[in-house]
Enquirer: 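Structure incoming, see below.
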Amino acid sequence: MKNLVTIKLNKEYKRAYFQGKFKAHPVLVTYLVPNRQKGNKIGITTSKKIGSAVVRNRSRRVIRAAYLAVRERIVFPKGYDIVFVARPDTALMKSTKLEKIMEKQILFLLQENAAQRKKKFRKEKGSS
RNA sequence: UGAGCAGGUUGUGUAAUAGCGCAGUUUUACUGUGAGGAAAGUCCGAGCAUCACAGGACAGGAUAGCUGCUAACAGCAGCCGGAGGCGACUCUAGGGCUAGUGCAACAGAAAGAAACCGCCCUGACUUUUUAGGGUAAGGAUGGAAAGGCGAGGUAAGAGCUCACCAGCAGUGGGGAAACCCAGUGGCUAUGUAAACCCUAUCCGAUGCAACACCGACAAAGAUGUAUUCGUUGGUCCGACGGUCUUGAAAGGUGGCAGAAAGCAAUAUGCUUUUGAGCACCAGCGGCGACGCGGUGCAAAGAUAGAUUAUUACAUUUAACAGAACUCGGCUUAUAGAUCUGGUCAUUUU
RNA sequence: UGGGGUGUCGCCAAGCGGUAAGGCAACGGACUCUGACUCCGUCAUUGCAAAGGUUCGAAUCCUUUCACCCCAG
């Protein structure tokens, strides 16, 4: 896919799950963690629990289409690893609806991340 | 018109915007192309690859009416036997318990060559009863009781005799065979082989995570020419090998999208050969599966895994559902639409 | 993708052609002033993942399907 880097190693997925912030919704769960590279890397998880191969493929496509639309609008301060986890109802959604949900989630998580960094920064200042 | 039977086809379409994989080229933009009838389950059969260009025996496994079709098969076609349906038609693991062994709980006298009750005869005692023998017609148990049923026959009975029916053996006729038909004979030991087993036929093992090649690192140790070691399966034989073992590890390409060769160069083309390739035919042969012949087609080939997302219209929401080395089948899932050919009943002519 | 295995009460499980053992838990009762421990009893009921078949008889044998688990990168 053009200009779209995907996460490939299991290590990187685990990093996103354990260190990253997450926001949940009945249709989509988003994990977000900053990486040290330029540009975002995304990963999509569709487990066997959500349905058959047709359902998994469909939800993967919908998420990818939604991300491509969302990427145009949001300005990321730096590179992030983003992992999207599909839910059973994801395949029934339209990608336009999913866009709005995803946009909210990512903006929320970016704020959280920024807030956390400021806190850390202050703490370090105070201790020193 | 109603009910019912068998079989086939299709498996959303169109437009706009944005986007992805692969191939090609005038190389970064265009052109072409891009999921299924089951791609599924992985239940069979093959190709292909490696191990000896795959050998023998045992073990193990598979199949099981007959004849054909097929590269092969547990598939398909036609037929035979059996079961069901008024019928169209459907279903059918359908070799052998008279080769041997095992099992048949409980009940019942007895589950394999049987006497509990009953019936009959004889003896004892003669009030009841009791001993021996004969008897498979009746009772009781059971899924199953020694061919079934009727008549003759008898002390009572019994294929003891006879008619019909079932089964077995051998005879004659028909058929390619399963098998069918006819008459003869002796008079018959139940069920179970999807129990062990026997018979016939077939099967070497491992699966593309097979396997081949490329690039790059470090080098060490052991054996000593055969009753050892290693190389492929459970075992043995046989065969082959001289070198074998080990450390660290991770990647790429091919296999893989019909194959091979040639020709041409504003392109993705053309030609030839080849293959269990696919589709079609008012062609030929065959009842048919199918074969022969002819014509046409053959461009999904990913590798964290492309083949789409959104909107509008049609008619509503399309059902089951996503290729991973490739084919032939089987099985299972499947909304709706549609076509063809039989059958039965009723009404009208 | 390929290979292998398992489904029996709420849980752990035995049984592998002839009435579905046992333990824990649960429920009822006894003991106790009450609770625990202990003792006694009940608990699969047309059923052994589901559907067909073989058999007199199937959890067990055969076929198909479903769910789950393990191994191989």
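Note on naming: letters A, B, ... go to the chains in the order of the sequence lines (proteins, then strands), and numbering restarts at 1 for each one.
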Enquirer: Please state the P separation for the pair B:G37 and B:U271 - nearest whole angstrom.
Expert: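 B:G37 and B:U271 have their P atoms separated by 29 Å.
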
Enquirer: For B:A88, does the O4'-C1'-N9-C4 or O4'-C1'-N1-C2 angle fall within 90° of 0, making it syn, or is it anti?
Expert: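 Here the answer is anti: the torsion falls beyond 90° from 0.
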
Enquirer: Within the modelled atom types, does a donor on one side and an acceptor on the other bring the side chain of A:Arg71 and the base of B:G19 under 3.5 Å apart?
Expert: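 Under the 3.5 Å cut-off, the side chain and the base do not form any donor-acceptor pair.
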
Enquirer: Look through every strand shown and name the nucleotide pairing with B:A289 as Watson-Crick or G-U wobble, where both distances are under 3.5 Å.
Expert: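 Partner of B:A289: none found under 3.5 Å.
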
Enquirer: In whole angstrom, give me the gap between the C1' atoms of B:G285 and B:A6.
Expert: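 About 28 Å, rounded to a whole number of Å.
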
Enquirer: Partner lookup for C:G28, please. Criteria are Watson-Crick or G-U wobble with both distances under 3.5 angstrom; report none if nothing qualifies.
Expert: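 Checking every strand shown, C:G28 finds its partner in C:C40, with both distances under 3.5 Å.
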
Enquirer: Considering only side-chain heavy atoms of A:Arg64, which listed nucleotide, B:G322, B:A306, B:U311, is closest?
Expert: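 Per side-chain heavy atoms of A:Arg64, the pick is B:A306.
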
Enquirer: Roughly how many Å is it from CE in A:Met102 to P in B:U310, rounded to a whole number?
Expert: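 One finds 13 Å between P of B:U310 and CE of A:Met102, rounded.
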
Enquirer: Looking only at the side chain of A:Asn57 (C-beta and beyond, no hydrogens), which of the listed nucleotides B:G322, B:U310, B:A309 gets closest?
Expert: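 Selected nucleotide (nearest to the side chain): B:G322.
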
Enquirer: Tell me: CD1 of A:Ile44 to P of B:C20, nearest whole Å?
Expert: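 After rounding, the reported distance stands at 15 Å.
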
Enquirer: Using a 4.5 Å cut-off on heavy atoms from C-beta on, say whether the side chain of A:Val85 contacts that of A:Tyr31.
Expert: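 With C-beta onward as the side chain, the pair touches.
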
Enquirer: Using the C1' atom as the reference point in each nucleotide, state the distance between B:U232 and B:C51 in Å, no decimals.
Expert: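 The answer is 5 Å between these two C1' atoms.
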
Enquirer: Is there a Watson-Crick or G-U wobble partner for B:U31 with both distances under 3.5 Å, and which nucleotide is it?
Expert: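 Per the H-bond distance test, B:A23.
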
Enquirer: With a 4.0 Å limit, can you tell me whether A:Arg61 has a side-chain N or O closer than that to the phosphate oxygens OP1/OP2 of B:C20?
Expert: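 Checking A:Arg61 against B:C20: no side-chain N or O falls below 4.0 Å of OP1 or OP2.
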
Enquirer: Taking only N and O in the side chain of A:Lys97, is any of them less than 4.0 Å away from OP1 or OP2 of B:U310?
Expert: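 Negative; the distance criterion is not met.
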
Enquirer: Who is the Watson-Crick or G-U wobble partner of B:G341, with both distances under 3.5 Å?
Expert: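 B:C5 - that is the nucleotide pairing with B:G341, both distances being under 3.5 Å.
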
Enquirer: Just wondering, do A:Thr45 and A:Phe84 contact through their side chains at under 4.5 Å, heavy atoms?
Expert: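 Contact flag for A:Phe84/A:Thr45 side chains = no.
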
Enquirer: Given B:G322, B:A309, B:U310, identify the nucleotide with an atom nearest to the side chain of A:Thr96.
Expert: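 Output: B:U310.
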
Enquirer: When you compare B:A104 with B:G143, how far apart are their C1' atoms, in angstrom units rounded to a whole number?
Expert: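 About 10 Å, rounded to a whole number of Å.
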
Enquirer: Would you indicate whether the side-chain heavy atoms of A:Leu32 and A:Asp81 approach each other to under 4.5 Å?
Expert: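 Contact flag for A:Asp81/A:Leu32 side chains = no.
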
Enquirer: Mind checking who B:G78 pairs with, Watson-Crick or G-U wobble, both distances under 3.5 Å?
Expert: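 Pairing partner, where one exists within any strand: B:C66.
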
Enquirer: Any strand is fair game: report the nucleotide pairing with C:G47 by Watson-Crick or G-U wobble, both distances under 3.5 Å, or none.
Expert: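 Matched C:G47 with nothing under the 3.5 Å cut-off.
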
Enquirer: Sticking with atom C1', work out how far B:C73 lies from B:G328, rounded to a whole angstrom.
Expert: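 Here B:C73 and B:G328 have their C1' atoms 9 Å from each other.
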
Enquirer: Using the C1' atom as the point on both nucleotides, what is the distance between B:U316 and B:G32, in whole Å?
Expert: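 To the nearest whole Å, 36 Å.
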
Enquirer: Indicate, with yes or no, if A:Ile106 and A:Tyr80 share a hydrophobic cluster defined by side-chain heavy-atom contacts under 4.5 Å among Ile, Leu, Val, Met, Phe, Trp and Tyr.
Expert: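 Yes, A:Tyr80 connects to A:Ile106 through the hydrophobic network.
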
Enquirer: Can you tell me how far apart NZ (A:Lys21) and CG (A:Leu110) are? Round to the nearest 0.5 Å.
Expert: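 A:Lys21 NZ to A:Leu110 CG: 12.5 Å, rounded to 0.5 Å.
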
Enquirer: Mind checking the CD-CD1 spacing from A:Glu99 to A:Ile101? Nearest 0.5 Å is all I need.
Expert: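 Going from CD on A:Glu99 over to CD1 on A:Ile101, the span is 10.5 Å.
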
Enquirer: Strictly by Watson-Crick or wobble contacts shorter than 3.5 Å, is anything paired with B:C263, and which nucleotide is it?
Expert: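 The answer is B:G269, by the H-bond criterion.
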
Enquirer: I'd like to check A:Leu28 versus A:Met102 (side-chain heavy atoms, cut-off strictly below 4.5 Å). Are they in contact?
Expert: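 Sidechains of A:Met102 and A:Leu28: in contact.
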
Enquirer: With the 90 degree cut-off around zero defining syn, does B:U225 come out syn or anti?
Expert: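 The base of B:U225 is oriented syn (glycosidic angle within 90° of 0).
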
Enquirer: If we take the P atom in both B:U347 and C:G47, what is their distance in whole Å?
Expert: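 That atom pair is separated by 48 Å.
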
Enquirer: Taking for each residue the nucleotide of RNA chain B bearing the nearest heavy atom, is the 5' side occupied by A:Arg60 or by A:Ala66?
Expert: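 So the residue in question is A:Arg60.
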
Enquirer: Need the pair for B:U308. Rule: Watson-Crick or G-U wobble, both distances under 3.5 Å, any strand; none if unpaired.
Expert: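 Matched B:U308 with B:A18 under the 3.5 Å cut-off.
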
Enquirer: Report which part of the nucleic acid A:Arg58 touches: base, sugar-phosphate, or nothing (heavy-atom distance under 4.0 Å, all strands).
Expert: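 The residue A:Arg58 makes sugar-phosphate contact but no base contact.
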
Enquirer: Please state the C1' separation for the pair B:A136 and B:A64 - nearest whole angstrom.
Expert: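 Between the two C1' atoms, the distance is 41 Å.
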
